[in-house]
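All chains are named by letter (A, B, ...) in the order of the sequence lines, taking the proteins before the strands, and each is independently numbered beginning at 1.
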Amino acid sequence: MRTYESTFILSPQADDAAFDQQIKAITDLIGNNDGKIIKEDRWGIRRMAYPIKKFTQGFYTRLVFEGNSKLLTELERFYKLEDPYIRYLTIIFEGDPHEKIFDDADSDSNRAPHAKPTEDRERPAPARATTESRKPDNIAPVAIVEKPSTETAVSEPDGKDEPEKTEE
Amino acid sequence: MFKKRFKTPGEFKAAFKTRRRKVCRFCEEKVRVIGFYNDRVLRRFVNERGKIVARRVSGNCAFHQRRLTTAIKRARHLAIMPFTSEYYR
């Protein structure tokens, strides 16, 4: 078993119920192939940097899950067969929830004081203070509020919020 | 090498003393993983054409430049980052 992350873009020509159903199709597929969802991250409809299949927008979803290689072939096959999944990317999940990811809670809490606090993510406070003070001036803290990842950390292994884990 | 551009070793040294040494920003922040989804960070290391900025320019260390490159390429695949900017297309 390995931890993977899979991000896919759904065709924007659908309503919320359809998005739900399309995402559920993937999570079900992972569940049915003895995988386990660790985190589901819906970024919502986002403008794409270039058109894909003539769409300029897409509904982004990122899943972090555990699974085996059989699940992955099944997953990729499913993406290819079904129409609404206009782009996907499945990679080995590298992040450790406790390790500092440049993005995520760190930059949010660091550079955007009014952004919603992500207190569920524990970080060493002194480290945060030093990075804040050491930040070069040319990295202007502008336009940070439109963060794509609406962090909904479903579980944090051996974190302080263990009970929030949702098994699928 | 200094012989070409500078007449004396002293001149060479002086020219480089005034230049501030670049430090890898990811090392400064002790970042290990550079996420492809984090376009705000990735965009700093791309020029206005959407090309990845060279290590010599950005000052990144080899480890982080490698990670950054894969992150940018993954972001491009998912249309989070552009392959080329709109303007030049």
Determine whether more than 12 heavy atoms belonging to other residues, nucleotides or ligands lie under 6.0 Å from atom CG of A/D15.
yes
Does some side-chain heavy atom of A/L89 sit less than 4.5 Å from a side-chain heavy atom of B/Y37?
no
Do A/Y85 and A/I45 sit in one hydrophobic cluster, given that two such residues count as connected whenever their side-chain heavy atoms are within less than 4.5 Å of each other, even indirectly?
yes
Which heavy atom of A/A49 sits nearest to which heavy atom of B/P82, and what is that distance?
CB-N, 3.5 Å
Here the gap from A/I91 atom CD1 to B/F36 atom CZ, rounded to the nearest 0.5 Å, amounts to 5.0 Å
Answer yes if B/V53 and B/L68 sit in the same cluster of Ile, Leu, Val, Met, Phe, Trp and Tyr residues linked by side chain heavy atoms under 4.5 Å apart, and no otherwise.
no
For the atom pair CG (B/L78) and OH (A/Y60), what is the distance rounded to the nearest 0.5 Å?
6.0 Å
Turns out that what part of A/I86 lies under 4.5 Å from chain B's heavy atoms comes down to neither
Close side-chain approach of A/T7 and B/H77, heavy atoms under 4.5 Å
no
Parallel, tilted or perpendicular for A/Y50 and B/F83, by the 30°/60° rule?
tilted
Chain A interface, residue from B/R74, B/M81, B/R76 that has the most non-hydrogen pairs under 4.5 Å
B/R74
Does atom CD of A/Q21 have more than 12 heavy-atom neighbours, drawn from other residues, nucleotides or ligands, at distances under 6.0 Å?
no
Checking heavy atoms, do the side chain of A/I9, its backbone, both or neither come under 4.5 Å from chain B?
side chain
Report yes or no: do A/F78 and A/I30 belong to one cluster of Ile/Leu/Val/Met/Phe/Trp/Tyr joined by side chain heavy-atom distances under 4.5 Å?
yes
Is it possible for you to say whether A/L72 and A/I92 belong to one hydrophobic cluster, with membership spreading through side-chain heavy-atom contacts below 4.5 Å?
yes
Establish whether B/I52 and B/F63 are linked, either directly or via other cluster members, by ILVMFWY side-chain heavy-atom contacts under 4.5 Å.
no
Within the supplied structure, the quantity of interest is the number of heavy atoms (other residues, nucleotides, ligands) at a distance under 6.0 Å from A/R2 CZ; does it exceed 12?
no
Residues B/R67, A/E94; criterion salt bridge (Lys or Arg N to Asp or Glu O under 4.0 Å); working and verdict
CA-CA 11 Å; B/R67 299 302 184 92; A/E94 284 183 314; 3.7 Å; yes
Stepwise side-chain contact (heavy atoms from CB on, under 4.5 Å) test for B/V33 and A/F93
CA-CA 10 Å; B/V33 180; A/F93 181 65; over 6 Å; no
